[in-house]
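Scroll down for the structure; my scribbles are underneath it.
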Amino acid sequence: MICKKCASPMAVILRKKDHYCENCFILSTNHKFRACIGKNKVLSPNENVLICLSGGVGSAVLLDLVHHGISLENNKKLRIVPHFIHLFDDNVPEVSDAILKKCQKYNFDIYFVHLSDYLNNNTQLPEVNQIVALKEDDKIKFTRLLNCMPSTAANDYLLKVKRHLFIKYAKQLNCSAIFTAETTNTLAINLLCNLAIGRGSQVQNDVGFCDVRDEKVKILRPMKDISKEELDYYVKIKKLVSITRTNVKSNSLQSAISSFVSDLQQNFQSTISTVCKTADKIGDYEEDKASGKCVICKSALFTKDMKLSALEATNISKTVSLGNMNFQQDLENNSELLNILENNSNNSMFPLINKYLCYGCSRNHSEMSKPELLQIG
Ligand SMILES: [Zn+2]
Ligand SMILES: [Zn+2]
């Protein structure tokens, strides 16, 4: 078997049919990365870019691609000024150490920020290359917040927390763009998760090349055309170190969708690309119709020109039920339910919706056992 580009002995088989030698494969992956940034024309030369590293396979490859790109001295040189950040928690301290070592090998500086910094309004940059201990109070508060949600809501909420922190530190570092390392596989999974949890209108920002919800900082996904299969070969050929860890809580919608997509891809090699092509066709709402932004995920809130949604129908049926005599009688026989309803002064299932939160964030909020932990409004 030989490489389909140069006829050298093949070392890589993609999608069970495309054969490459090591050299041509690495070249083609670098090309995909550069082409993705180039064709979208969102970066101007020498822009400050914040590069987010999780320590997983994707971020190991992203780090190598960026290093390779900026080291070139020809017209393919990646003209950005990279800054690096890693968001950590205390569950796996070895990840931060490994990332620090890796960055030192490439001669890059990196900032470490604890996830619980989300609760902190202080916007001071941490010291570079230092894994700093954080205030115990914040950590405890953050853990309590995540633990009071079911796993599906916690997974979703954590993504919004990370997005917030990336944007916050990008602004601190004067970066107008952020690179994250999602692959085609991750984006296909995220797309289906978004649809399943009621974030359909946010698909373009959540899984497209560019998240434009912030006015000053764009989040870019330059590895969106690279698959997990390609990453694994890349890491193996270049002998990169990655720490495999999953951030996704098990027994959740996200973990179920993830294994569904991965299993399907095994036998139907075009599963993921089909899902992603569909995502590209999903358009965005017109921003000018927006009446505000969700305080958690910063997505546009739409209250004007809306037809009756399933959510409003639920609210109406609740209001109607409360005015119904038979229902009132049933209630009187069920003191527990009566109690809940009487103590809930707002008759909506989602009291903060449209004023502060989008539907997806309202649902997470409503599923929290201690919603007061989320300070909103
Ligand atoms: Zn070749
Ligand atoms: Zn939201």
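As the structure is a computational prediction, the values presented were derived from the model and not from experiment. In each ligand, atom 1 is the first atom listed, and ligand 1 is the first ligand listed.
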Open item on the list: Quick one: does any side-chain atom of Lys298 pair with a main-chain N or O of Lys293 as donor and acceptor, under 3.5 Å?
Closed with: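 Judged by distance alone, no pair lies under 3.5 Å.
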> Just by distance, do the side chain of Asp117 and the backbone of Val113 share a donor-acceptor pair under 3.5 Å?
Replying inline: no
(request) Evaluate the criterion side-chain hydrogen bond (donor to acceptor under 3.5 Å, both in side chains) for residue pair Asn174 and Asn48; output intermediate values, then yes/no. (result) CA-CA 7 Å; Asn174 273 328; Asn48 282 319; over 6 Å; no
So the protein N/O/S atoms within less than 2.8 Å of the Zn ion (ligand 2) come down to Cys294 SG, Cys297 SG, Cys358 SG, Cys361 SG
Q. Can Ser252 and Asn155 be said to form a side-chain hydrogen bond (donor to acceptor under 3.5 Å, both in side chains), step by step?
A. CA-CA 8 Å; Ser252 61; Asn155 284 333; 3.0 Å; yes
Flag side-chain contact, heavy atom, 4.5 Å: Phe166 against Leu87:
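Sidechains of Leu87 and Phe166: in contact.
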request  = Tell me, with the steps shown, if Asp89 and His114 meet side-chain hydrogen bond (donor to acceptor under 3.5 Å, both in side chains).
outcome  = CA-CA 6 Å; Asp89 54 33; His114 195 276; over 6 Å; no
Can a donor-acceptor pair be found between the side chains of Ser227 and Glu230 at a distance below 3.5 Å?
yes
Taking only residues two or more places apart in sequence, or in another chain, which ones meet Asp109 in a side-chain hydrogen bond (donor to acceptor under 3.5 Å, both in side chains)?
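Asp109 satisfies side-chain hydrogen bond (donor to acceptor under 3.5 Å, both in side chains) with Asn129 once adjacent residues are dropped.
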Which atom pairs, donor and acceptor, lie under 3.5 Å between side-chain atoms of residues 176-184 and protein residues at least two apart or in another chain?
unit_1	atom_1	unit_2	atom_2	d
Ser176	OG	Glu47	OE1	2.4
Thr180	OG1	Glu182	OE1	2.5
Glu182	OE2	Arg221	NE	3.4
Thr183	OG1	Asn185	N	3.4
Thr183	OG1	Thr186	N	3.3
Thr183	OG1	Thr186	OG1	3.0
Thr184	OG1	Lys224	O	2.8
Thr184	OG1	Ile226	N	3.4
Thr184	OG1	Ile226	O	3.0

Listing protein N, O or S under 2.8 Å around the Zn ion (ligand 1) gives Cys3 SG, Cys6 SG, Cys21 SG, Cys24 SG
